[in-house]
Amino acid sequence: MEPLTHIAIVSVPVYSHLRSILEFSKRLVHLHQDIHVTCINPTFGSPCNNTKALFDSLPSTIDSMFLPPIKLEDLPLDIHPAIQVQMTISRSLPLIHDALKKLHSRSKLVGVIADGLITEVLPFGKELNILSFTYFPSTAMLLALCLYSSMLDKKISCEYKDLLEPVEIPGCIPILGIDLPDPLQNRSGEAYKQFLEANERFYLADGILVNNFYEMEAETIRALQQEEGKGIPSVLAIGPFVQKGSCDQGSEIEYLRWLDKQQQNSVLYVSFGSGGTLSHDQINELAWGLELSGKNFLWVLRPPNKFGIIADIGVENEDPFEFLPNGFLKRTQGHGLVVPYWASQVQILGHGAIGGFLCHCGWNSTLESVVNGIPLIAWPLFAEQKMNAVLLTNGLKVAIRPKLNEKGIVEREEIAEVIKNLMVGEEGKEIRQRMKKLKSAANDALKEDGSSTRTLTQLALKLLHK
């Protein structure tokens with residue numbers, strides 16, 4: 001039987017973004033079974049095993065359409081992964097346009113929901129006379145920055161990093177210019193120009209779907225919603241969407257067996273997301289800091305990379321243990337465990353032994369920590385992660401952020417002090433209590449009568465009645 005309502009989801013070739021938009025899609029079709037989804041995926045190579053596992057977990061009401069891989073042979077071999085993604089997106093636009101037209105001609109396609117990195121899709125929806133939404137897989141605070149970026153550009157004349165006073169974004173806590181996302185750190189650069197252009201396209205959307213819940217950013221969401229009808233699209237807080245279960249195939253996993261032997265809330269989990277890496281010097285300082293703290297830890301370690309990110313999380317061509325201090329593994333044996341490249345974060349954060357999370361402040365990881373009530377050490381690396389760290393430390397007060405030295409390194413003594421403060425200190429106890437309240441609010445938002453569920457139903461009704 002033909003589905004009553006058909007919508008298209010347009011993803012981007014970034015693992016963390018893909019995870020988020022697919023979790024949203026799964027919840028949408030679970031709550032509203034009259035909706036059928038086709039996920040259109042631009043690609044620039046064969047998907048890694050982790051990506052394949054995401055699509056293997058999809059229900060029958062979600063179809064996947066993988067576009068022909070984009071050729072990038074004309075680009076330098078050592079190009080930054082962000083540029084690789086951007087080129088894939090721009091070169092895939094004609095293919096996405098054709099795919100949407102074909103879907104529209106074959107079925108009752110009523111809407112398209114595009115990832116926030118691919119706002120170029122929004123005009124396609126207007127052309128086909130269907131609803132066009134943006135799925136924004138980060139904070140309402142970042143969305144506010146995006147929507148007001150042109151206003152700030154006219155108001156501020158110097159580089160953001162040179163501002164002496166914090167930047168005031170309507171509805172948000174003040175933020176230093178150096179903590180704004182990477183594209184804003186060089187206003188004469190191409191990335192800044194593209195950032196402003198992409199943000200202008202948000203205004204074409206019939207609505208912007210934010211992967212957060214109202215109670216976590218109430219002031220910011222309320223401020224954005226008050227501007228609806230004055231130019232800003234409707235802002236719908238419909239999260240948190242986090243991955244459930246595991247991509248691991250085996251049931252006997254060494255690090256989970258190790259966690260089973262540890263006391264409740266005694267282990268610090270250390271991970272920098274699906275691809276984040278540190279410099280060799282910073283790996284060395286982090287190792288010494290973990291050792292000096294004397295606290296139990298589980299560390300997912302990747303080798304250093306000049307870009308600070310591994311583009312393909314399935315590639316394992318270096319031994320990360322080679323970058324650890326001599327004797328570190330032996331000295332920390334018993335109270336520390338280092339896992340190379342990747343581990344099932346969902347399972348780890350859900351384990352009772354975990355008492356803290358040293359985190360890069362990527363939004364998926366942050367929400368996974370929130371729904372499990374795990375207090376944070378905020379260690380941002382790139383993109384909007386510094387902005388997220390400000391929200392977590394200054395706004396929500398559920399994280400501690402270590403200080404950098406003049407060379408941009410967090411030193412071992414600072415690391416050890418912050419770890420002890422979070423795991424056994426008074427500040428850590430207060431953070432734990434605030435995080436427990438946030439966990440409860442996140443769970444409530446997803447209940448049948450919760451704020452996010454009600455808002456998602458509003459979206460579904462809008463699509464169903466198109």
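Sequential numbering from 1 along the given sequence is applied to the chain's residues.
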Who pairs with F272 by ring pair (Phe, Tyr, Trp, His ring centres under 6.0 Å), at least two apart in sequence or on another chain? W379

Rounded to the nearest 0.5 angstrom, the CG-NE2 distance for N265 and H351 is 11.5 Å

Does atom CG of N326 have more than 12 heavy-atom neighbours, drawn from other residues, nucleotides or ligands, at distances under 6.0 Å? no

Residue set satisfying salt bridge (Lys or Arg N to Asp or Glu O under 4.0 Å) with E417, at least two apart, ordered chain then number -> none

Does E219 CD have over 12 foreign heavy atoms under 6.0 Å away? no

Spatial distance of atom NZ (K407) from atom CG (D281) [nearest 0.5 Å]: 8.5 Å

For N296 and L337, what are the C-alpha separation, side-chain angles and deciding distance, and is it a side chain to side chain contact (heavy atoms under 4.5 Å, CB included)? CA-CA 8 Å; N296 295 349; L337 184 67; over 6 Å; no

Side chains of T277 and P304, heavy atoms from C-beta outward: is any pair under 4.5 Å? no

Closest non-hydrogen contact found for C359 with L376 is CB-CD2, 3.8 Å

Report yes or no: does D182 contribute a side-chain atom to a donor-acceptor pair with the main-chain N or O of A383 at less than 3.5 Å? yes

Rounded to the nearest 0.5 Å, what separates atom CG in L184 from atom CG in L196? 7.0 Å

Heavy-atom count around K161 NZ within 6.0 Å, excluding the residue itself: above 12? yes

With side chain to side chain contact (heavy atoms under 4.5 Å, CB included) as the criterion, how do F321 and V338 come out once you've worked through the C-alpha distance, each side chain's angles and the decisive distance to 0.1 Å? CA-CA 8 Å; F321 292 167; V338 182; 3.4 Å; yes

Under a 4.5 Å cut-off applied to non-hydrogen side-chain atoms, are I169 and I175 in contact? yes

Full working for side chain to side chain contact (heavy atoms under 4.5 Å, CB included) between T134 and I113: CA-CA 5 Å; T134 292; I113 302 174; over 6 Å; no

Between K439 and D444, does at least one N-O distance fall below 4.0 Å, as a salt bridge requires? no

L22 versus F55: any side-chain heavy-atom pair under 4.5 Å? yes

Is there a donor-acceptor pair under 3.5 Å between the side chain of S266 and the backbone N or O of Q262? no

Scanning both residues in full, the closest heavy-atom pair of F213 with L438 reads CZ-O, 3.9 Å

Kindly say whether C361 contributes a backbone atom to a donor-acceptor pair with the side chain of N388 at under 3.5 angstrom? yes

Could you tell me how the ring of W299 sits relative to the ring of F297: parallel (under 30°), tilted (30 to 60°) or perpendicular (over 60°)? perpendicular

Using a 3.5 Å distance criterion without hydrogens, assess whether the side chain of K330 forms a donor-acceptor pair with backbone atoms of G327. no

Would you sort out whether H17 and N364 count as a side chain to side chain donor-acceptor pair (under 3.5 Å), showing the intermediate values? CA-CA 9 Å; H17 282 241; N364 285 343; over 6 Å; no

Between E254 and R257, is a salt bridge (charged side-chain N to carboxylate O under 4.0 Å, His left out) present by the stated rule, with each step listed? CA-CA 5 Å; E254 180 193 0; R257 292 199 305 269; 5.9 Å; no

Taking D115 for its side chain and L117 for its backbone only, find out whether a donor-acceptor pair lies under 3.5 Å. yes

R27 vs T453, test: side chain to side chain donor-acceptor pair (under 3.5 Å). Steps then yes/no. CA-CA 10 Å; R27 181 154 175 82; T453 304; 2.9 Å; yes

Minimum heavy-atom distance between V29 and K26, given as atom pair plus value: CG2-O, 3.4 Å

Rounded distance (nearest 0.5 Å) linking atom CD of E411 with atom CD of Q282: 9.5 Å

Taking it one step at a time, do R401 and K386 satisfy side chain to side chain contact (heavy atoms under 4.5 Å, CB included)? CA-CA 10 Å; R401 186 175 179 182; K386 291 178 184 176; 3.8 Å; yes

Apply the test side chain to side chain donor-acceptor pair (under 3.5 Å) to residues S138 and E384: give CA-CA distance (whole Å), side-chain angles for both, the deciding distance (0.1 Å), then the verdict. CA-CA 9 Å; S138 190; E384 89 289 9; 3.1 Å; yes

Find out whether C146 and F195 are in side-chain contact, i.e. whether some heavy atom of one side chain is under 4.5 Å from a heavy atom of the other. yes

Non-hydrogen atoms of N284 and R412 that approach each other most closely: ND2-NH2, 3.7 Å

Validation: residues 64-74 side-chain donor-acceptor distances under 3.5 Å, sequence neighbours left out:
| unit_1 | atom_1 | unit_2 | atom_2 | d |
| --- | --- | --- | --- | --- |
| D74 | OD1 | R91 | NH1 | 3.0 |
| D74 | OD2 | R91 | NH2 | 2.8 |

Take N186 and S188 through the test side chain to side chain donor-acceptor pair (under 3.5 Å) and record every step on the way to the result. CA-CA 6 Å; N186 178 11; S188 61; 2.8 Å; yes

Ignoring hydrogens and geometry, is there a side-chain-to-backbone donor-acceptor pair from R302 to G276 under 3.5 Å? yes

Look only at the side chain of Y214 and the backbone of L236, and say whether a donor-acceptor pair between them is shorter than 3.5 Å. no

Counting only heavy atoms not in H280, do more than 12 sit closer than 6.0 Å to its NE2 atom? yes

Would you say L54 and Q243 make side-chain contact, with heavy atoms under 4.5 Å? yes

Nearest heavy-atom neighbours spanning I208 and P233: CD1-CG, 4.2 Å

Nearest 0.5 Å please: distance from the CD atom of E197 over to the OH atom of Y192. 11.5 Å

Any donor-acceptor pair under 3.5 Å linking the side chain of E414 with the backbone of V410? no

Under 3.5 Å donor-acceptor, S369 side chain and S365 backbone: no

So, Q185 side chain and L180 main chain: donor-acceptor pair closer than 3.5 Å or not? yes

Answer yes or no: is there a side-chain heavy-atom contact under 4.5 Å between H360 and P380? no

Does a side-chain heavy-atom distance below 4.5 Å link Y341 with V300? no

Measure the CD1-CD1 distance between I377 and I415 for me, rounded to the nearest 0.5 Å. 9.0 Å

Is R187 salt-bridged to D153, going by a charged N under 4.0 Å from an acidic O? yes

Taking the side chain as every heavy atom from C-beta outward, state whether P13 and T43 have any atom pair closer than 4.5 Å. no

Locate the shortest heavy-atom distance separating I9 from F24; write the atom from each residue and the value. CD1-CE2, 3.8 Å

Classify the side-chain pair Y255/S344 by whether it contains a donor and acceptor separated by less than 3.5 Å. no

